Colleague: 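Before I ask anything, let me first share the structure, which is written out below as structure tokens.
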There are 2 protein chains.
Amino acid sequence: MEWGDLRFLLHVVREGSTLAASRVLNTSQSTVMRRIAVLEGQLGLSLFEKRRSGYVPTDTLLGLLGKLEAVEAAHSAFESEARVICRGLSGTVRLTTPELISSHFLKFPLQQFRQLNPDIRIELVASDEYLDLSWEADIALRAGDPPTDGALFGRRIINDTWSVYCSRAYAEANGYPTTTADFGKHGFICIVERARPDRLTEWMNTHFPPDNIVLRHSSLMSAFFSVKAGDGIGICPDMIGMNEPDFIRCMPVDVQTGKEVWLLAHERNRQTPRIRIVLDFLTEHLMKKVQTMRLVMGEKV
Amino acid sequence: MEWGDLRFLLHVVREGSTLAASRVLNTSQSTVMRRIAVLEGQLGLSLFEKRRSGYVPTDTLLGLLGKLEAVEAAHSAFESEARVICRGLSGTVRLTTPELISSHFLKFPLQQFRQLNPDIRIELVASDEYLDLSWEADIALRAGDPPTDGALFGRRIINDTWSVYCSRAYAEANGYPTTTADFGKHGFICIVERARPDRLTEWMNTHFPPDNIVLRHSSLMSAFFSVKAGDGIGICPDMIGMNEPDFIRCMPVDVQTGKEVWLLAHERNRQTPRIRIVLDFLTEHLMKKVQTMRLVMGEKV
DNA sequence: AGTTGGTTCTGCATTTTTGCATAATGGATG
DNA sequence: CATCCATTATGCAAAAATGCAGAACCAACT
């Protein structure tokens, strides 16, 4: 049996047709159909009920699904491990961080790092989703709940506090509020949550006057650039807002989210020299920034 | 990455060269070499040190070996499960037993069975090696140590006692011994063990006069046919010898091997109708045979 | 009833993979 | 030193797999 046929099988089960599966597999529909046919012949089993509306898995196939998924998991584990080894051999460190932190906060320090360490190549993955630190990335700078995964190690950088900010241009033109009582005279920029609203969303819904919301953005990133453009007033993590020279901090967002910013890596990389070098550099850089912020904001961060 | 390439990789690791691996894989040496080359390109890793004496795995590849073997195991599990399902759907019962028991002891009863149960197809696998009853076979009739695998169920048929036998033709020409004191006047057929000698081998080495050993066979099967042909005197399990009309039992082999004959199946097949039918039929048949043997040999069997 | 948009399945052309034959290399042996 | 036997690696022909185009079917919609 050709092992690759099982990849075709898996995708037809998942997508429901040879056509849809061919799109995922980046091949032609007739190829998928033929590979399934060959597999059925070799196993001596009917795996699908072929209909014009698609391929419907038989009970026989459903009974094999667990084993099939285990095959996929084993291949994924192999490929993941191969990628980890490949990165190690090439002297690459893969760093993941949210979009905003990536583009706004790390660009300059990473330029510095590259000058100091030309042998270490940092591959930056900007993603608002968490990456798996056992294989998808080596280091994460992430904001969120404190980590609970015992296989990770690292340090807490700062509490993830937020404040209301506007741009200098906006303030010069309109003034800026220092209490929520002043909100009525200003325009606001909202961040629309796709997921269930969290406490920050609730705070905005409670305090931003509904009639004064001039823009709604679907991501923090786009909201940030809208505030920076002077379109209105919005909320922003202090770690970003405090370090943006064009921003004026109006007032704190008085919410206990429990979120923190952490710099993390996988336990097995604790002794990996090139990963430690990047971690130590980032830690030093970030702690200096945090000290500066503490001078301004006190112990809350 | 083409999943099938990992099969090629695994076999090259195991066989030590693309040529040897091609034999196992039933393909050409150049195909194997090219598939490895493609895989190395895709992974961005050097997997082998290519020498004229063969392919030597790199440390990189050795580090991936565990994951690679897990891929193979996952595929094996899938294929095994598919075969089990296939057998079930076709109404086949796979019965395994040693060569001698198979050809000599079961041929007639299985003919009877087929007449009584035309809907159940028995696939007989004659093998002196144990087959895995979770997937390789459904039922085993095997002689050896009592089973310890908790996943198997079945019943003990008989103690695996042995005796010295000769053919009727031999006896008519030469008489036959009833004690080891008579051995000096006869020719003997030995079974040469490949593995470490067991108690039966020791018994033969102790009692068969070295100068009187006329033939040495590498398997019980060939020794059996040699005895039957009248070439000499040899040992044989009573379960076979007692049921061979052309054999004369000279004397018992006075050795406690601890071995027994068992009829076994996997616990998960306990309620599978077609497997139960075969089990019940064989049990009945074998217990009748055993009763007959007990009349002759007493409680030792 | 006709149209639309999804699907499966098939014939044929194109592309890719495989196999064959063989050159080249290196280690073991006489 | 020559020979033998193992191997890897490569060019080219053959075989197999794939992709394309389209027929046929079916359900949903107008």
Side-chain angles (χ1 to χ4, degrees), chain A residues 1-62 64-65 68 71-72 75 78-79, chain B residues 1-62 64-65 68 71-72 75 78-79:
Chain A
M1 193 201 68
E2 173 55 43
W3 285 5
D5 289 349
L6 295 190
R7 256 182 90 239
F8 286 76
L9 181 58
L10 193 64
H11 286 293
V12 174
V13 172
R14 285 181 178 153
E15 307 304 322
S17 72
T18 55
L19 185 64
S22 73
R23 293 192 195 104
V24 175
L25 290 157
N26 203 27
T27 188
S28 79
Q29 177 270 327
S30 48
T31 296
V32 177
M33 198 220 73
R34 290 186 186 120
R35 295 288 286 267
I36 297 301
V38 162
L39 187 60
E40 285 185 314
Q42 285 169 343
L43 295 178
L45 294 170
S46 176
L47 300 170
F48 294 99
E49 196 183 324
K50 287 90 178 177
R51 294 178 184 164
R52 290 293 180 176
S53 50
Y55 272 28
V56 180
T58 57
D59 288 339
T60 299
L61 179 50
L62 294 176
L64 285 164
L65 212 39
L68 185 56
V71 165
E72 181 189 41
H75 279 277
F78 176 89
E79 290 183 52
Chain B
M1 193 200 70
E2 172 58 42
W3 285 4
D5 290 349
L6 294 190
R7 258 182 88 241
F8 286 76
L9 181 59
L10 193 65
H11 286 293
V12 174
V13 172
R14 286 183 176 151
E15 307 303 322
S17 72
T18 55
L19 185 64
S22 75
R23 293 190 196 105
V24 174
L25 290 158
N26 201 29
T27 188
S28 78
Q29 176 268 328
S30 47
T31 295
V32 176
M33 198 221 73
R34 290 188 187 118
R35 296 288 288 265
I36 297 299
V38 162
L39 187 59
E40 284 185 317
Q42 284 169 344
L43 295 176
L45 294 170
S46 175
L47 300 170
F48 294 99
E49 197 182 326
K50 287 90 178 176
R51 292 179 183 163
R52 289 295 178 177
S53 49
Y55 273 26
V56 181
T58 57
D59 287 338
T60 298
L61 179 50
L62 294 177
L64 285 165
L65 211 38
L68 185 56
V71 166
E72 181 191 40
H75 278 276
F78 176 90
E79 291 184 51

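The figures that follow rest on heavy atoms only: side chains count, while hydrogens, waters and symmetry mates do not. Keep in mind the model is a prediction, meaning the values are calculated, not measured. Reminder, nothing fancy here: chain letters follow the sequence lines and each chain counts from 1.
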Colleague: On the 0 to 90° scale, with breaks at 30° and 60°, tag the B:H75-B:W3 ring pair as parallel, tilted or perpendicular.
Modeller: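 Aromatic pair B:H75/B:W3 classed perpendicular.
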
Colleague: Per the side-chain contact (heavy atoms from CB on, under 4.5 Å) rule, which among A:L47, A:L61, A:V56 passes with A:V13?
Modeller: A:L61

Colleague: Would you list the pairs meeting salt bridge (Lys or Arg N to Asp or Glu O under 4.0 Å) in which at least one residue belongs to residues 40-49 of chain B, sequence neighbours left out?
Modeller: B:E40-B:K50, B:E49-B:R51

Colleague: Could you run down nucleotides 24-30 of chain D 5' to 3' and tag each one B, S or - for protein heavy-atom contact under 4.0 Å?
Modeller: BBS----

Colleague: Can you name the salt bridge (Lys or Arg N to Asp or Glu O under 4.0 Å) partners of A:E72, sequence neighbours left out?
Modeller: A:R14

Colleague: Of all of residues 2-11 of chain B, which get a heavy atom below 4.0 angstrom from DNA chain D, listed by number?
Modeller: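 The stretch gives none, as no residue of it lies under 4.0 Å from the strand.
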
Colleague: Who pairs with B:R34 by side chain to side chain contact (heavy atoms under 4.5 Å, CB included), at least two apart in sequence or on another chain?
Modeller: B:S30

Colleague: If I compare all heavy atoms of B:T60 with all of B:S46, which pair ends up nearest, and what's the gap?
Modeller: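 For B:T60 and B:S46, the tightest heavy-atom pair comes out as CB-O, 4.0 Å.
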
Colleague: Compare every heavy atom of B:L62 with every heavy atom of B:P57, then report the nearest pair and how far apart it is.
Modeller: CB-CD2, 3.9 Å

Colleague: Filter on salt bridge (Lys or Arg N to Asp or Glu O under 4.0 Å), then keep only pairs touching residues 17-30 of chain A, sequence neighbours left out; what's left?
Modeller: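 Counting only pairs at least two positions apart or across chains, no salt bridge (Lys or Arg N to Asp or Glu O under 4.0 Å) contact touches residues 17-30 of chain A.
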
Colleague: Give the minimum heavy-atom separation between A:L9 and A:I36, together with the two atoms involved.
Modeller: CA-CD1, 3.7 Å

Colleague: Who are the ring pair (Phe, Tyr, Trp, His ring centres under 6.0 Å) partners of B:F78, not counting sequence neighbours?
Modeller: none

Colleague: Can you list everything that forms a salt bridge (Lys or Arg N to Asp or Glu O under 4.0 Å) with B:E15? Sequence neighbours excluded, please.
Modeller: none

Colleague: Does any residue of residues 13-21 of chain A have a heavy atom under 4.0 Å from DNA chain C, and if so, which ones, in number order?
Modeller: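 Those residues are A:S17, A:T18, A:L19.
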
Colleague: How would you list, by chain and number, every residue that makes a side chain to side chain contact (heavy atoms under 4.5 Å, CB included) with B:S22, sequence neighbours excluded?
Modeller: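 Only B:L19, B:T27, B:Q29, B:V32 meet the side chain to side chain contact (heavy atoms under 4.5 Å, CB included) criterion with B:S22.
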
Colleague: At a heavy-atom distance below 4.0 Å, what parts of residues 25-42 of chain B sit against DNA chain D?
Modeller: B:Q29, B:S30, B:M33, B:R34

Colleague: Of all the heavy-atom pairs spanning B:Q42 and B:E2, show the shortest one and how long it is.
Modeller: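 Result for this residue pair: OE1-N, 4.1 Å.
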
Colleague: Measure across B:G54 and B:S17 and return the closest heavy-atom pair with its distance rounded to 0.1 Å.
Modeller: CA-CB, 4.1 Å

Colleague: Mind checking the CG-CG spacing from A:L43 to A:L6? Nearest 0.5 Å is all I need.
Modeller: 7.5 Å

Colleague: Under a criterion of less than 4.0 angstrom to any heavy atom of chain B, what are the 5'-terminal and 3'-terminal contacting nucleotides of DNA chain C?
Modeller: C:dT18 to C:dG26

Colleague: I want to check one thing: is the phosphate of D:dA6, taken as OP1 and OP2, less than 4.0 Å away from some side-chain N or O of B:Y55?
Modeller: no

